[in-house]
Amino acid sequence: MRRRLAAGNWKMNGTAAALTELKALAGAFPSASVDVLICPPATLLHRAAEVAGDTGITVGGQDCHAATSGAHTGDISADMLADAGASAVILGHSERRTDHAEQNEDVRAKARAAMDAGLTTIICVGESLEQREAANTLDIIGGQMSGSIPDQSTGENLIVAYEPIWAIGTGKVPTLDEIGEVHDFIRSRLERRFGEGVGRSVRLLYGGSVKPSNAADIFGVSNVDGALVGGASLKAQDFSGIIDALERV
Ligand code: PGA
């Protein structure tokens with residue numbers, strides 16, 4: 001059985017005041033059936049880990065460097081994230097791929113470092129609108145998966161997030177059939193590469209304009225094990241609505 005997961009990606013949002021939202025969320029816990037992860041900016045990670053304490057909420061980073069240490073001004077290693085209290089890291093988000101020209105092989109190197117540091121690694125894949133309109137979605141996702149996901153992946157250290165670029169922060173969401181098609185494809189690719197046991201144990205998240213109002217429908221789609229949530233994870237009330245929907249699946 002794959003445990004369902006609601007993961008919040010705060011992106012470059014939040015100073016210390018934002019921790020009140022995490023406190024409010026922590027007040028509503030524990031959840032017996034759903035894992036909850038918050039990925040705040042790196043500056044808040046340590047304090048967020050303290051606020052989360054033993055509530056069952058875990059915290060994670062939004063990126064890491066592929067090296068464990070060294071002359072890389074401004075970068076943060078996977079070991080440093082773990083040291084600050086992270087148990088997970090998001091890698092290969094489309095905003096990283098666009099803003100920092102990250103390629104699949106960069107994501108794979110970072111993922112190896114994260115897994116070596118004991119972090120659960122959420123690897124993001126997703127197509128642009130042009131790619132979808134050209135009917136290239138599955139080719140793009142397949143290429144991103146084989147390029148970005150390391151061989152050492154298991155059901156414990158890997159999570160794959162399907163995030164269509166055109167759905168992120170836009171309020172646009174693919175149809176349930178479109179989400180199902182991609183998630184089934186990701187599942188079959190994982191089974192083919194890692195074998196049925198591992199392939200079936202990797203959790204698959206959908207991300208892109210998930211809100212309390214559309215969460216229940218999305219969570220009803222096959223092979224959707226939870227969500228990676230941006231905007232709606234910034235307010236405890238919104239994120240709780242998504243967690244509630246996931247608990248009711
Ligand atoms: P969104 O972002 O929920 O604000 O669309 C999702 C993401 O980028 O992970």
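All ligand and atom numbering here is 1-based and tracks the order in the structure.
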(message) Assess, by modelled atom type and distance only, whether the side chains of Arg97 and Ser148 contain a donor and an acceptor separated by less than 3.5 Å.
(response) yes
With Leu205 as partner, the option from Leu228, Val229, Val224 fulfilling side chain to side chain contact (heavy atoms under 4.5 Å, CB included) is Leu228
Sub-4.0 Å heavy-atom approach of Lys211 to ligand 1
no
Checking Asp63, Ile90, Ile165, Ile168 against Glu95 for side chain to side chain contact (heavy atoms under 4.5 Å, CB included), the one that qualifies is Ile168
Below the 3.5 angstrom mark, is there an N/O of Val229, backbone or side chain, next to an N/O of ligand 1? no
If you scan protein heavy atoms around atom 3 (O) of ligand 1, the nearest is Gly230 N, 2.8 Å
Does ligand 1 have any atom sitting under 4.0 Å from a heavy atom of Gly208?
-> yes
Per salt bridge (charged side-chain N to carboxylate O under 4.0 Å, His left out), Asp225 is matched among Arg4, Arg187, Arg3 by Arg187
*So is there a nitrogen or oxygen of His93 less than 3.5 Å from a nitrogen or oxygen in ligand 1?*
yes
min-distance protein heavy atom vs atom 9 (O) of ligand 1 -> Glu163 OE2, 2.6 Å
Here the atoms of ligand 1 under 4.0 Å from any heavy atom belonging to Asn9 are 9 (O)
For Ser209, the atoms of ligand 1 under 4.0 Å from one of its heavy atoms are 1 (P), 3 (O), 5 (O)
Keeping Ser188 on the side-chain end and Phe185 on the backbone end, is there a donor-acceptor pair under 3.5 Å? yes
Next item on the list: Give yes if a backbone or side-chain nitrogen or oxygen of Lys11 is under 3.5 Å from a nitrogen or oxygen of ligand 1, and no if not.
Entry: yes
Students often mix this up, so state it plainly: with edges at 30° and 60°, are the rings of His183 and Tyr206 parallel, tilted or perpendicular? tilted
| message | Assess the residue pair Arg2 and Asp35 against the criterion (salt bridge (Lys or Arg N to Asp or Glu O under 4.0 Å)); give the C-alpha distance rounded to whole Å, side-chain angles, the decisive distance to 0.1 Å, and a yes or no. | response | CA-CA 11 Å; Arg2 298 185 296 270; Asp35 290 340; over 6 Å; no
In this structure, atom 4 (O) of ligand 1 is nearest to the protein heavy atom Gly231 N, 2.8 Å
